[in-house]
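Note sheet for the following structure.
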Amino acid sequence: MTYPVPAKQVETLYEIKKSKFIACAGFANSRESAMALLDSVKQQYPDARHHCWAYVFGNPSSPTSAAMADDGEPSGTAGKPILNVLQHKDIGDIMVIVTRYFGGIKLGAGGLVRAYSAAAQQAIDALEVRQEVRLETLNVDIDFKHEQLVRHLAEQAQGQIGSCDYTSSVLMAVKLPENAVDNFKQQLAAIAFSINECEI
């Protein structure tokens with residue numbers, strides 16, 4: 001199953017009533033990577049009072065996780081509007097941070113909601129996406145003589161070999177697209193069956 005994700009990081013500027021809203025959108029597929037992106041934005045704009053954010057991980061049609069933060073803004077006026085924009089876009093594994101510089105004119109709760117939404121939307125509009133293929137890892141324990149065949153089957157399925165340990169047999173971590181796992185297992189079962197046939 002593939003889905004669109006950010007191809008690279010973008011930054012946009014939205015200004016209203018002298019307040020500046022700097023939106024950064026980028027790829028993040030774990031809380032650790034999302035917080036690393038947040039830290040880099042905070043370092044870039046250390047004098048800003050608010051770094052509000054939201055993320056959505058996994059396939060956007062069925063996300064594995066979503067979260068948001070108002071970072072000192074009135075509750076529900078920043079993180080929620082950003083997350084709302086993300087939830088209406090068909091993009092997964094995404095983190096959006098909106099940094100605000102106050103311009104001296106209060107926007108009010110409704111004005112903040114509209115401004116954070118507009119800033120997030122502007123960043124999403126500027127974003128380039130690529131197709132992400134979610135990989136599942138299978139641990140395969142096989143005889144040495146079948147290693148090349150397993151590598152070939154993994155390559156055919158657009159998969160990759162994560163690690164390979166050689167002991168009395170070969171233990172391989174095979175990473176495969178989710179939609180190729182069942183077929184790969186069937187092909188492995190056929191190999192195992194032929195091995196058992198030979199051993200009898």
Side-chain angles (χ1 to χ4, degrees), residues 1-11 24-44 51 53-69 79 82-83 86-87 89-97 123-124 127-200:
M1 298 292 288
T2 64
Y3 54 91
V5 299
K8 55 185 177 182
Q9 206 168 300
V10 298
E11 189 176 284
C24 172
F27 178 84
N29 60 0
S30 66
R31 186 163 177 87
E32 292 74 24
S33 57
M35 293 304 104
L37 187 56
L38 178 62
D39 286 343
S40 71
V41 169
K42 284 181 175 179
Q43 286 171 20
Q44 198 175 345
H51 300 281
W53 55 265
Y55 64 63
V56 173
F57 300 153
N59 191 321
S61 61
S62 55
T64 55
S65 183
M68 62 189 177
I82 298 167
L83 182 60
L86 295 185
Q87 289 174 328
K89 300 293 171 187
D90 186 32
I91 303 172
D93 294 332
I94 184 170
M95 171 75 157
V96 173
I97 302 146
I124 297 294
L127 198 63
E128 284 181 40
V129 296
R130 61 179 175 82
Q131 290 300 312
E132 174 80 343
V133 179
R134 180 66 71 185
L135 299 178
E136 190 174 314
T137 301
L138 298 178
N139 291 313
V140 180
D141 194 351
I142 48 143
D143 193 272
F144 288 98
K145 65 183 177 185
H146 293 289
E147 180 188 349
Q148 287 309 314
L149 178 57
V150 171
R151 287 182 180 275
H152 175 68
L153 293 176
E155 191 179 312
Q156 275 189 323
Q158 271 84 52
Q160 52 195 246
I161 306 299
S163 64
C164 210
D165 293 322
Y166 299 94
T167 53
S168 57
S169 59
V170 185
L171 183 61
M172 304 171 81
V174 183
K175 297 183 178 184
L176 297 167
E178 288 174 341
N179 61 349
V181 169
D182 288 343
N183 189 46
F184 184 80
K185 283 180 177 177
Q186 287 171 4
Q187 290 172 315
L188 279 192
I191 295 169
F193 183 73
S194 67
I195 293 168
N196 292 336
E197 286 287 295
C198 293
E199 287 173 351
I200 291 170

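Note: hydrogens, waters and symmetry copies are ignored here, and every other heavy atom, side chains too, is used. All of these numbers come straight from a predicted model, not from anything done at the bench.
- Counting only heavy atoms from C-beta outward, the side chains of L127 and F27 never approach each other to under 4.5 Å.
- For the pair P63 and S61, the tightest heavy-atom approach, listed with the atom from each and the gap, is CD-C, 3.9 Å.
- Applying the salt bridge (Lys or Arg N to Asp or Glu O under 4.0 Å) test to every pair with at least one member in residues 148-157, sequence neighbours left out, gives these pairs: E147-R151.
- For D90, the side-chain contact (heavy atoms from CB on, under 4.5 Å) partners are P4, P60, not counting sequence neighbours.
- E11 pairs by the side-chain contact (heavy atoms from CB on, under 4.5 Å) definition with I22, Q44, Y45, not counting sequence neighbours.
- No side-chain heavy atom of K8 sits less than 4.5 Å from a side-chain heavy atom of R130.
- Among N29, V129, I124, V5, the single residue meeting the side chain to side chain contact (heavy atoms under 4.5 Å, CB included) criterion with I94 is I124.
- In terms of the salt bridge (charged side-chain N to carboxylate O under 4.0 Å, His left out) criterion, E32 has no residue partners (sequence neighbours excluded).
- How far CD1 of I97 is from CD of Q9: 7.5 Å, rounded to the nearest 0.5 Å.
- Remark: F57 pairs with Y55 by the ring pair (Phe, Tyr, Trp, His ring centres under 6.0 Å) rule, at least two apart or across chains.
- Residues that satisfy the side chain to side chain donor-acceptor pair (under 3.5 Å) test with D141, not counting sequence neighbours, are S169.
- Partners of K175 by salt bridge (charged side-chain N to carboxylate O under 4.0 Å, His left out), not counting sequence neighbours: none found.
- Residues satisfying the side-chain contact (heavy atoms from CB on, under 4.5 Å) test with K42, not counting sequence neighbours, are L38, H51.
- Annotation: side chain of M68 is not in contact with side chain of L86 (no heavy-atom distance under 4.5 Å).
- Among residues two or more places apart in sequence or in another chain, the side chain to side chain donor-acceptor pair (under 3.5 Å) test is passed with S168 by none.
- When all heavy atoms of A123 and A25 are compared, the closest pair comes out as CB-CB, 4.1 Å.
- Qualifying side chain to side chain donor-acceptor pair (under 3.5 Å) partners for S65, counting only residues two or more places apart in sequence or in other chains: none.
- S33 pairs by the side chain to side chain donor-acceptor pair (under 3.5 Å) definition with S30, not counting sequence neighbours.
- The minimum heavy-atom distance linking G79 with A54 is given by the pair O-CB, 3.9 Å.
- In this structure a side-chain-to-backbone donor-acceptor pair under 3.5 Å is missing from N139 to A173.
- In this structure, M95 CE and R31 CZ are separated by 8.0 Å, a value rounded to the nearest 0.5 Å.
- In this structure, CH2 in W53 is found 9.5 Å from CG in L83, a value given to the nearest 0.5 Å.
- With sequence neighbours left out, the side-chain contact (heavy atoms from CB on, under 4.5 Å) criterion links D39 to no other residue.
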